[in-house]
Engineer: 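This is the structure, below, for whatever I ask next.
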Amino acid sequence: MRAAPTILHLDMDAFYASVEQASKPSLRGKAVIVGGLGPRGVVATASYEARRFGVHSAMPMGQARRLCPNGAYLIPRFTLYRQVSDIVMAMLRELSPLVEPLSLDEAFVDLEAGGVAFDSDSARATGERLRADIRAATGLSGSVGLAGSKMLAKVASEEAKPAGLLLIEPGTERELLAPMSVRTLPGVGPATGEHLRRAGITTVGELAEAGEDELVRMVGRAHGAGLYRMALGLDDRPVVAERDAKSVSVEDTFDVDLHDRVRIRGEVQRLADRCVRRLRGSGHSGRTIVLKVRRYDFSTLTRSETLRGPTDDPAVVREAAARLLEAVDTTGGVRLLGVGVTGLADYTQEDLFAQSSAAEAEAEAAEHEDDGAGGAAEPEATVGGAGPSEGPERSAEPQEAPERRWTAGSDVRHVLYGPGWVQGSGVGRVTVRFEQPGSEPGRVRTFRVDDPDLAPSDPLPLVGDLS
C-alpha cells in the first residue's frame, strides 16, 4: 500500500456501445446493444440506456431482445475499437512508463513512476486532465479511480461510473469498503458470493469481521487469506508494464448445430487460417495447436498437439487442427469450434520436418479466404460468395450472382450519398442510414442488396478528418 493515491485505473464507459453511439449520431441517447446477433449470440456491451432495461454483458442476446425490444442491436467492429483503444493507451503511456492494460478499454497506470503525481492533489489533477484529453481525442468518456493500490483504484473507478473520478485517500480504505457488497472484491464471483451469503456475510465489513481463520475454513487457505487482505484494503501488487500474450485463439458459435463432418472440417480449417492471421498480426509464432469443440449437450472438449518448433505457417496449423479433429466424436452435433496457438515465441522454426504437406501456393491462397459467417466473435461486413462449380456440365451453365449480405451496424459507402451504416436487411433489400461521426442524425434510404453503387467501407475516425 502506498501513502499517496498514485495508482490510477481507467475504465472507458460502456466502451463498444459508446463507440457506436459516437460514430452513429442517430443512436446517441438510445439503447445500444453490441454482440453476436444470431440466436446463440451474447451481449458484449450494452449502453447505459440499455442497462436501465436490465440488459448487461454476457447475457444471451435473445434475452436482451425480450428485455429491450426497441434497442439497436449491432455487430462488434473490433477494428475501430482497437484504433480508439490505441489512442487512449498512447495517452496513458505519456503519463508513465508503467501502464498495465487489462483489455481494450481498461488499464492501470503508475503515476509516481511517471513523475506526474506524488500526492492527492497532483493525482486528482492528472486524472481530471486525462479524462478531458480522452474526451477531446475520442469524443468518449472514461471513469478514473485513484488509490494507493491496484485493487482500490479499480474499486474507485467502478464507483465513479459513468464519466466520473473518485480518489480514495490512504487511511480511509476500510471505511469506504465496509458497506460495499462482497462481490465488489476481485475474485468474488457468483459462486463464492452465494457461499458467503449462506454464511451470513454479504458486505466487505462483515468479511473483515469474520477474520482470516474463519474465511480460510470456509473457502480454503489461499482464497481465504486473500479475501481477508482485500477486505482490509491491503494490496501490494505492482503495476506491470508488459503482459506477454500467452495464447492466440479464435472461435465461432453456430446458430444451428453442425452435423456434417465435411462442414465441420471446413470450419476448423477456416478458424485455423483466422488464428494464424491474428498470430502473425501480433508478431508471434507458436508451438502448441489447440482445438476446442463444444458439443450439442454443452460438453466441451479440448485437444492439443505440440510441434517440434514454433510456427506461423497456416498450412501447418490447418493440418495439426485437422489431426486433432479426427480424435473427437462429433456425431451428436457441434455448437462451437475454436482453434488456438499457445507456447508463443518471437521467431519461427523454418524446418518443421515436413509437418505440412500442403503446397506453398495453397497456404498463400488461404491467407486471402473470406472469414465466413457463423456467429464469429469479431464479425465484419462481408460479401457472400459461392465456391467454383464442379464438373463440365455445371461449369457450362450460367451462374446466378450470389446475394450480398449486409449485417446490422456494418459500415458502407454509397457513390451518391456517401458514408453510412446498415440498419437492417431482408427480402432482397438493405436499409442504410447515411450519417457519420460529428454530423446530425442522417436520413434512411433503402436499396436492393445488389445495388452496384453500395459497397462495404472501412469505419471513419470518431474525431478529426472524416473524409
Engineer: Charged N to carboxylate O below 4.0 Å: is that the case for K154 and E106?
Structural biologist: yes
Engineer: Please determine whether a side-chain nitrogen of the Lys or Arg among R270 and D252 lies less than 4.0 Å from a carboxylate oxygen of the Asp or Glu.
Structural biologist: yes
Engineer: Sequence neighbours excluded, which residues qualify as salt bridge (Lys or Arg N to Asp or Glu O under 4.0 Å) partners of R129?
Structural biologist: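 Checked R129 against salt bridge (Lys or Arg N to Asp or Glu O under 4.0 Å); zero matches.
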Engineer: List the residues meeting ring-ring contact (aromatic ring centres under 6.0 Å, His included) with Y417, not counting sequence neighbours, and say none if there are none.
Structural biologist: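 Partners of Y417 by the ring-ring contact (aromatic ring centres under 6.0 Å, His included) criterion, ordered by chain and then number, come out as H414, F434.
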Engineer: Give a yes or no answer on whether the side chain of S143 reaches the backbone of A163 with a donor-acceptor pair at less than 3.5 Å.
Structural biologist: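 Yes, S143 side chain to A163 backbone: donor-acceptor pair under 3.5 Å.
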Engineer: Against the six-membered ring of F254, is R40 placed for a cation-pi contact (under 6.0 Å from the centre, within 45° of the normal)?
Structural biologist: no
Engineer: Applying salt bridge (Lys or Arg N to Asp or Glu O under 4.0 Å), can you list everything that pairs with R197, at least two apart in sequence or on another chain?
Structural biologist: E194
Engineer: Could E435 and K24 be called an ion pair, given the rule that one side-chain N must be under 4.0 Å from one carboxylate O?
Structural biologist: no
Engineer: Determine the minimum heavy-atom distance between S26 and R433, stating which atoms define it.
Structural biologist: OG-CD, 3.0 Å
Engineer: Applying ring-ring contact (aromatic ring centres under 6.0 Å, His included), name anything that partners Y16, two or more places apart in sequence or on another chain.
Structural biologist: F78, Y81
Engineer: Quick one: does S18's side chain have a donor or acceptor within less than 3.5 Å of a partner on D13's backbone?
Structural biologist: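 Indeed, once roles are kept as given, a pair shorter than 3.5 Å links the two residues.
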Engineer: In plain terms, say whether D110 and R2 are close enough for a salt bridge, that is, a side-chain N and a carboxylate O under 4.0 Å apart.
Structural biologist: yes
Engineer: Would you mind listing every ring-ring contact (aromatic ring centres under 6.0 Å, His included) that reaches into residues 202-233, with sequence neighbours excluded?
Structural biologist: none
Engineer: Any heavy-atom pair between the side chains of H195 and I201 that's under 4.5 Å?
Structural biologist: no
Engineer: Does the side chain of S282 reach to within under 4.5 Å of the side chain of V248, using non-hydrogen atoms?
Structural biologist: yes
Engineer: With R237, which residues qualify under salt bridge (Lys or Arg N to Asp or Glu O under 4.0 Å), at least two apart?
Structural biologist: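 Once residues adjacent in sequence are excluded, the partners of R237 under the salt bridge (Lys or Arg N to Asp or Glu O under 4.0 Å) criterion are D235.
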Engineer: So that I can tick it off, tell me whether D458 and R413 are bridged by a salt bridge, with the cut-off set at under 4.0 angstrom between side-chain N and carboxylate O.
Structural biologist: no
Engineer: Hey, is K150 close enough to E100 for a salt bridge, meaning N to O under 4.0 Å?
Structural biologist: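 Yes, this pair counts.
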